[in-house]
Q: 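A single structure is presented below for examination.
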Amino acid sequence: LGTWFHLPAHFRVGALFNVEEWFIDTASYRPGGPFDPFQTQGFGGGRDLSLGGGIAWDTRDNEFFPNNGVLIEGRIARTDEDLGADFNFNRLTADFRAFWTPWRVGHIIAIRAYYDATWAGPPPFFTEPKLGGSIFDRGYREGRFRDRNALIFTAEYRFQIYGRLSGAVFGEMGQVAHAPLDFRFQEIKATGGGAIGYLIPPGKVLFVRLEVAGSEDGATVFLRFGHPF
């Protein structure tokens, strides 16, 4: 949740609040593995309550269906037991998005770079920066890779097929690491896929999109409302 205040020259600032309550009754784990209850922060669940702020510069021509423009956004938050949380850590996210229509209306190139970092205490595994799922590194299952830092790059080509019907092809690559300097080129996880979307009448508000993405693990299918970014 957050409240954003618009400023001149395409800037905005915001106050952010987030609360999550997790209850985990049972889990399968391998002793000494990634979900060993004696080594995994948050294995039994818990409350993640954070306060923070953000700043953004946004020149996109439309927030939900951008054709041109840039978004640069940074957020920082603190999760603390003094606030009512069960954990202590800081989080920083940096989000860059760019859109342009190079040759025809309805044909859009979209790119995104996203960095998610935590420090000053271990976050619970269920809120760790991650890859996999419907947003980042589609092609892997939700949360397939997790650690204290994540870096993701996405490129997508969106095009109109006919009328309200549109398509897209995309490629993504990302990586998680325990520390910011631990990222390694040879450990990049790459995925790619395509999508079919339909703008539901009346108007130009509700957009449904079916995506298929593949990775070394196999294929995933997602149904979403709106573009992933």
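Only this structure's heavy atoms are used, side chains among them; waters, hydrogens and symmetry mates stay out. Numbers here simply count residues along the sequence, with the first being 1. Computed from a predicted model, the values in this text were never measured in an experiment.
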Q: So does Gly139 get a backbone contact from the side chain of Asp217, meaning a donor-acceptor N/O pair under 3.5 Å?
A: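 No: the side chain of Asp217 does not pair with the backbone of Gly139.
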
Q: Answer yes when Arg148 and Glu128 have at least one side-chain N-carboxylate O distance shorter than 4.0 Å, and no when they do not.
A: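 Here Arg148 does not pair with Glu128 in a salt bridge, since their nearest N and O are not under 4.0 Å apart.
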
Q: In the hydrophobic clustering (ILVMFWY, side-chain contacts below 4.5 Å, transitive), which residues join Ile76, or is it alone?
A: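 Direct or chained contacts put Ile76 with Leu92, Trp119.
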
Q: Between His107 and Tyr157, what is the ring plane arrangement, given parallel below 30°, perpendicular above 60°, and tilted in between?
A: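 Ring orientation of His107 relative to Tyr157: tilted.
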
Q: Going by the rule ring pair (Phe, Tyr, Trp, His ring centres under 6.0 Å), which residues pair with Phe89 if we only count those two or more places apart in sequence or in a different chain?
A: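 Counting only residues at least two positions away or on another chain, Phe89 forms no ring pair (Phe, Tyr, Trp, His ring centres under 6.0 Å).
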
Q: Hey, is the main chain of Gly143 close enough, under 3.5 Å, to the side chain of Arg146 for a donor-acceptor pair?
A: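 Present.
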
Q: Step through it carefully: locate the ring centre of Phe136, locate the ring centre of Tyr114, and say whether they are under 6.0 Å apart.
A: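 Aromatic pair counts; centres sit under 6.0 Å.
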
Q: Among Asp48, Asp86, Asn90, Thr127, which residue satisfies the side chain to side chain donor-acceptor pair (under 3.5 Å) criterion with Thr79?
A: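 When Asp48, Asp86, Asn90, Thr127 are each tested with Thr79, the side chain to side chain donor-acceptor pair (under 3.5 Å) holds only for Asp48.
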
Q: Output the distance between atom CZ (Phe126) and atom CZ (Phe43), rounded to the nearest 0.5 Å.
A: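 So the CZ of Phe126 and the CZ of Phe43 are separated by 12.0 Å.
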
Q: What heavy-atom pair brings Ser215 and Thr191 nearest, and what distance separates the two atoms?
A: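 For Ser215 and Thr191, the tightest heavy-atom pair comes out as CB-CG2, 3.7 Å.
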
Q: Examine distances only and state if a side-chain atom of Arg47 and a backbone atom of Glu20 form a donor-acceptor pair shorter than 3.5 Å.
A: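 Not a single qualifying donor-acceptor pair exists.
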
Q: Do side-chain atoms of Asn88 reach the backbone of Glu81 as a donor and acceptor pair under 3.5 angstrom?
A: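 Judged by distance alone, yes, a pair lies under 3.5 Å.
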
Q: Drop me the distance from Asn18's CG to Ser50's OG, to the nearest 0.5 angstrom.
A: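 The CG atom of Asn18 sits 4.5 Å away from the OG atom of Ser50.
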
Q: Centre of Phe229's six-membered ring, under 6.0 Å away, within 45 degrees of the axis: is that where NZ or CZ of Arg60 sits?
A: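 Not flagged: Arg60 not positioned over aromatic ring of Phe229.
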
Q: Report the residues that fulfil side chain to side chain contact (heavy atoms under 4.5 Å, CB included) with Val221, sequence neighbours left out, ordered by chain and then residue number.
A: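 Side chain to side chain contact (heavy atoms under 4.5 Å, CB included) check on Val221 returns Leu210, Val212.
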
Q: Looking at Asp95, Leu131, Asp116, Ile135, which one forms a side-chain contact (heavy atoms from CB on, under 4.5 Å) with Ile152?
A: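 When Asp95, Leu131, Asp116, Ile135 are each tested with Ile152, the side-chain contact (heavy atoms from CB on, under 4.5 Å) holds only for Leu131.
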
Q: Please name all residues satisfying side-chain hydrogen bond (donor to acceptor under 3.5 Å, both in side chains) with Asn149, sequence neighbours left out, ordered by chain then number.
A: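 Checked Asn149 against side-chain hydrogen bond (donor to acceptor under 3.5 Å, both in side chains); matches are Tyr115.
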
Q: Please determine whether side chain to side chain contact (heavy atoms under 4.5 Å, CB included) holds for the pair Phe17 and Leu49, giving the CA-CA distance in whole Å, both sets of side-chain angles, and the decisive distance to 0.1 Å.
A: CA-CA 8 Å; Phe17 170 77; Leu49 191 156; 3.9 Å; yes

Q: Assess the pair Phe145 and Tyr140: is the distance between their ring centroids shorter than 6.0 Å?
A: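 Yes.
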
Q: Let's go through Arg209 and Glu156 carefully: what are the C-alpha distance in whole Å and the side-chain angles of both, what is the deciding distance for salt bridge (charged side-chain N to carboxylate O under 4.0 Å, His left out) to 0.1 Å, and is it a yes or a no?
A: CA-CA 14 Å; Arg209 178 166 144 154; Glu156 187 165 294; 3.0 Å; yes

Q: If every non-hydrogen atom of Phe65 is compared with every non-hydrogen atom of Asp61, which pair is closest and at what distance?
A: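 Heavy-atom minimum between the residues: O-OD1, 4.4 Å.
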
Q: Once salt bridge (Lys or Arg N to Asp or Glu O under 4.0 Å) is applied, what residue pairs with a partner in residues 171-198 remain, sequence neighbours excluded?
A: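 Found Arg138-Glu172.
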
Q: Given Phe64 and His227, is the ring-ring contact (aromatic ring centres under 6.0 Å, His included) satisfied, shown in steps?
A: CA-CA 7 Å; Phe64 302 104; His227 292 292; over 10 Å; no

Q: Ignoring hydrogens and geometry, is there a side-chain-to-backbone donor-acceptor pair from Glu63 to Pro66 under 3.5 Å?
A: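 Flag not set: sc Glu63 to bb Pro66 has no pair under 3.5 Å.
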
Q: Under 3.5 Å, side-chain donor or acceptor atoms of residues 3-12 against the rest of the protein: list the pairs with distances, not counting sequence neighbours.
A:
| from | atom 1 | to | atom 2 | distance (Å) |
| --- | --- | --- | --- | --- |
| His10 | ND1 | Asp58 | O | 3.4 |
| Arg12 | NH1 | Asp58 | OD2 | 3.1 |
| Arg12 | NH2 | Glu73 | OE1 | 3.2 |

